[in-house]
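In the text below, chain A, chain B and the rest are named by the order of the sequence lines, each starting its count at 1. Keep in mind it's a predicted model, so treat the numbers as computed, not measured.
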Amino acid sequence: MRYSAAFLPTLRETPKEATTVSHALLLRAGYIRMVGAGLYEFLPLGVRVLQRIATIIREEMDRAGAQEVLMPAVLPSEYFKETGRWDKFGPTLFRLHDRKHGEYHLAPTHEEIITDMVRREIKSYRQLPINLYQIQMKYRDEPRPRAGLLRCREFLMKDAYSFDVSPEAARKSYDAMEAAYHRVFGRLGLQYRLVAADSGAMGGSGSAEFQVLAQSGEDAIAACTACDYAANVEVATAAEAAAASTPSGELPAPVRVHTPGAKTIEQLVAFFGDRVEGVGADRFLKSVVYLAGDEQVLAVVRGDHEVNEIKLARAVGADEVHWVAEPEHAGFLGPVGWKDKVVVDAAAAAVADGITGANEEDHHLQHVRHGRDFEGTVADIRLVAKGDPCPRCGGALELYRGIEAGHIFMLGTHYTDAMKAEFLDAEGTSRPIVMGCYGIGVSRLVAAVVEQLHDDDGLVWPSEVAPYAVIVTPLGGDEPTAVAEDLYAKLRERGLTVMLDDRDERPGVKLKDAELLGIPLSVRVGKRGLKDGNIEIKARRSGETSFVPLAGAVDAIADLVAKS
RNA sequence: CGGGGCGUAGCGCAGUCUGGUAGCGCGUUCGGUUCGGGACCGAAAGGUCGGAGGUUCGAAUCCUCUCGCCCCGACCA
């Protein structure tokens, strides 16, 4: 590509709506433009990157035995109604009508459609297993699109669906996809963790996320520093801590203590610090009020812990719980004498001599213990914290932020039961097909790669996804221009993707743009080098510069591209 | 949906409080000088001041409504 003819509008300054690195750089380097909240145009370079990532995914899906299909993005409502998701998706679903007033929606995901496709064609166990995937735009009217390509309302997704005769067979399909995903993320050069996750509204029996580690990520991940345990904090657990700070001797009866204005754990630790030797946040029983449906629940965790609402919901058998912002006596709440349901975190239940709110303004109770002074269901309802012992090996957990770039689910017969997708087994019995589904956010991956790999000068593409392998920059003068033209032609003959910066710009401008674009190899042709018969090659990522003789330049460059 | 911020030229911003000829930098166009790290001189083009209504002799500026974007939260495969 000749830069002079490219539709490649770069920006010197960052548009103010961009506050995330990937968003800012992709805008500045002319890869994407915004059309509306969560709606983006991919300009030529953006498309090239998107397609290269899609190609990697395609290759790995095909290698794993999946077959590519393409389903419509505009769907009649009947399929989602069949599984109840027409209502369940709520406002996230983009709904529309056709000219005959028929009800439609834009596809947020395709479990129903593919299940319908499969149930129409698959009748026998002889036709299974099968794994079908597509790469296509998905539509979700997100409550809050954010950070450019990281959370869009229209985004490119690879979604695969496996169909098997049994849970055991489905497990094999799931494992094959997991392996394929590892290859994809490995080829993209990403730092990522495979983490246990909440299967959420997808339904099904288990799931794991491929989380690309990045500060701008929306998800919090707990990962062991010693073994490979990793989980979304939504579901992460810690090994049972040893019963904390058990004092010797008999526990005295609870004492009511006047604690004026001391509402937070921090204030309480300061308040009791003078009175109780060695008191820390882990001696307090923090009580938080939640609503589970109509029922009020008091969640009790240790002062140094936080409530995990997903775990709490599970513990009380609710779909979700809602935090009650301003209950009576906020700051002085406690489980002793509490009339509604109480759920106590296991770590809080192990506190032998605790301090908690007295349910009375400006008062707390000292010397409180679960089982003696109050009752309540004991369950794991807390968020894991940095340094907690790993549930698998006891090593220390570390917290990371991550971008969910892939998610694999064992769906079981959730959809095939609802939609009666059945096959005849060898005995002639009709049985539901066992499903799995596997997603990769392709456009999100573009942003994820940038989040992980960039520098102050701009984008830095790994060679596997770079829009061009090489950019050739003549630095002014007739001879360098002629040499650059010649190199451009010869490198292209070699089958390399090459950009030639043939613009009538000053060297500084061209070199800055080459860096902003993130093309892995920059070939500079200038009088200075040609004087000694050399051209200069600079690696974008390492910054390493080498001079090579013009005579062998094409081979040298092709070599470097092949090795990268 | 709750809280906060912002809409003025392609991009970044000033001007709004205190109403009175719509500005600056970058970019763009033309001419010239330059040419290995975002050059310099000169000239020029480019704006329904997000939109609608109102107040006023007069509105980017004041009032009302509305739309959009960003951030935090809620929410969310």
Side-chain angles (χ1 to χ4, degrees), chain A residues 9-20 23-24 27-28 30 33-39 85 88-93 107-112 138-148 150-153 155 157 159 161 197-204 207-210 216 218-219 232 234 309-310 319-323 325 404-409 411 414-415 436-441 444 457-458 473-478 480-481 484 501 503-516 522-531 534-536 538 543 545 547:
Chain A
T10 58
L11 300 170
R12 287 204 180 184
E13 290 176 281
T14 302
K16 68 169 178 295
E17 73 266 16
T19 53
T20 312
H23 192 194
L27 285 170
R28 279 194 55 208
R33 288 291 183 264
M34 184 178 78
V35 171
L39 302 170
R85 290 212 292 183
K88 197 166 180 180
F89 258 99
T92 300
L93 212 53
T109 176
H110 278 83
E111 282 77 15
E112 284 83 350
K138 293 288 185 282
Y139 299 86
R140 296 180 193 176
D141 193 359
E142 296 284 350
R144 188 152 90 83
R146 64 175 283 274
L150 282 179
R151 180 171 288 278
C152 284
R153 296 194 293 171
F155 58 97
M157 185 184 200
D159 44 325
Y161 306 87
D198 183 43
S199 47
M202 290 301 297
S207 77
E209 297 166 344
F210 284 76
S216 55
E218 296 178 284
D219 294 304
N232 194 305
E234 290 175 355
E309 298 184 6
I310 291 178
D319 281 343
E320 51 186 10
V321 293
H322 294 283
W323 180 59
E404 181 191 342
H407 203 155
I408 53 180
F409 295 89
L411 294 175
H414 187 83
Y415 293 94
C437 73
Y438 318 92
I440 293 181
R444 177 179 279 183
D457 295 317
T473 309
L475 297 168
D478 290 342
T481 300
D501 194 348
R503 294 176 301 168
D504 182 20
E505 286 287 353
R506 294 169 59 82
V509 173
K510 294 187 186 183
L511 295 174
K512 282 285 185 191
D513 272 335
E515 265 149 16
L516 180 60
S522 168
V523 173
R524 293 105 185 266
V525 185
K527 285 183 204 145
R528 199 186 288 169
L530 289 179
K531 180 160 50 72
N534 288 331
I535 54 140
E536 180 183 345
K538 184 170 180 185
T545 302
F547 289 87

Look at the side chain of [X] against the base of [N] and say whether a donor-acceptor pair falls under 3.5 Å; ignore hydrogens and angles.
| X | N | result |
| --- | --- | --- |
| A:Arg524 | B:rG37 | yes |
| A:Arg28 | B:rG38 | yes |
| A:Glu13 | B:rG25 | yes |

Inset, instruction - Specify the separation, in whole Å, of atom CZ of A:Phe547 and atom P of B:rG36. - result: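 After rounding, the gap between these two atoms is 14 Å.
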Categorize [X] for me: base, sugar-phosphate, or nothing, with a 4.0 angstrom heavy-atom threshold over every strand shown.
| X | result |
| --- | --- |
| A:Pro108 | base |
| A:Lys531 | nothing |
| A:Gly508 | sugar-phosphate |

Is [N] paired to anything, Watson-Crick or G-U wobble with both distances less than 3.5 Å, and if yes, which nucleotide?
| N | answer |
| --- | --- |
| B:rG19 | none |
| B:rC30 | B:rG42 |
| B:rC6 | B:rG68 |
| B:rG53 | B:rC63 |
| B:rC1 | B:rG73 |

Same-atom distance ([atom1]) from [N] to [M], integer angstrom:
| N | M | atom1 | value |
| --- | --- | --- | --- |
| B:rA43 | B:rG36 | P | 28 Å |
| B:rC75 | B:rU16 | P | 42 Å |
| B:rU21 | B:rC1 | P | 40 Å |
| B:rG50 | B:rG12 | P | 14 Å |
| B:rC49 | B:rC35 | P | 45 Å |

Inset, instruction - Report the residue (A:Leu511 or A:Ile440) whose heavy-atom-nearest nucleotide on RNA chain B is the more 5′ of the two. - result: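 Looking at RNA chain B, the more 5' nearest nucleotide goes with A:Leu511.
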Inset, instruction - Starting from the 5' end of RNA chain B, give me the residue, A:Arg151 or A:Thr10, whose nearest nucleotide shows up first. - result: A:Thr10
Any sub-3.5 Å donor-acceptor pair from [X]'s side-chain atoms to [Y]'s backbone N or O?
| X | Y | result |
| --- | --- | --- |
| A:Lys510 | A:Leu475 | no |
| A:Arg524 | A:Ile535 | no |
| A:Arg140 | A:Pro108 | yes |
| A:Lys527 | A:Gly477 | no |
| A:Arg153 | A:Pro145 | no |

Legend entry - B:rG27 OP1/OP2 closer than 4.0 Å to side-chain N/O of A:Arg12: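 True: A:Arg12 side-chain N/O within range (under 4.0 Å) of B:rG27 OP1/OP2.
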With the criterion being N/O to N/O and under 3.5 Å, what pairs connect the protein with nucleotides 67-75 of chain B, and how long is each?
residue : atom : partner  : partner atom : Å
B:rC69  : OP1  : A:Ala37  : N            : 2.7
B:rC71  : OP1  : A:Ala147 : N            : 3.4
B:rC72  : OP2  : A:Arg144 : NH1          : 3.0
B:rC72  : OP2  : A:Arg144 : NH2          : 2.7

Inset, instruction - Output yes when A:Glu515 and A:Lys538 qualify as a salt bridge under the 4.0 Å nitrogen-oxygen rule, no when they do not. - result: yes
Inset, instruction - For residues A:Pro474 and A:Ala484, report the shortest heavy-atom separation together with the two atoms involved. - result: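 Taking every non-hydrogen atom into account, CB-CB, 3.7 Å.
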Restricting both atoms to N or O, compile the protein contacts to nucleotides 28-34 of chain B shorter than 3.5 Å, with distance only.
residue : atom : partner  : partner atom : Å
B:rU34  : O2   : A:Arg506 : NH1          : 2.6

Legend entry - Under 3.5 Å side-chain donor-acceptor pair for A:Asp159 and A:Tyr161: yes
Inset, instruction - Please examine the side chains of A:Val509 and A:Arg12, heavy atoms only from C-beta on, and report whether any two atoms are closer than 4.5 Å. - result: yes
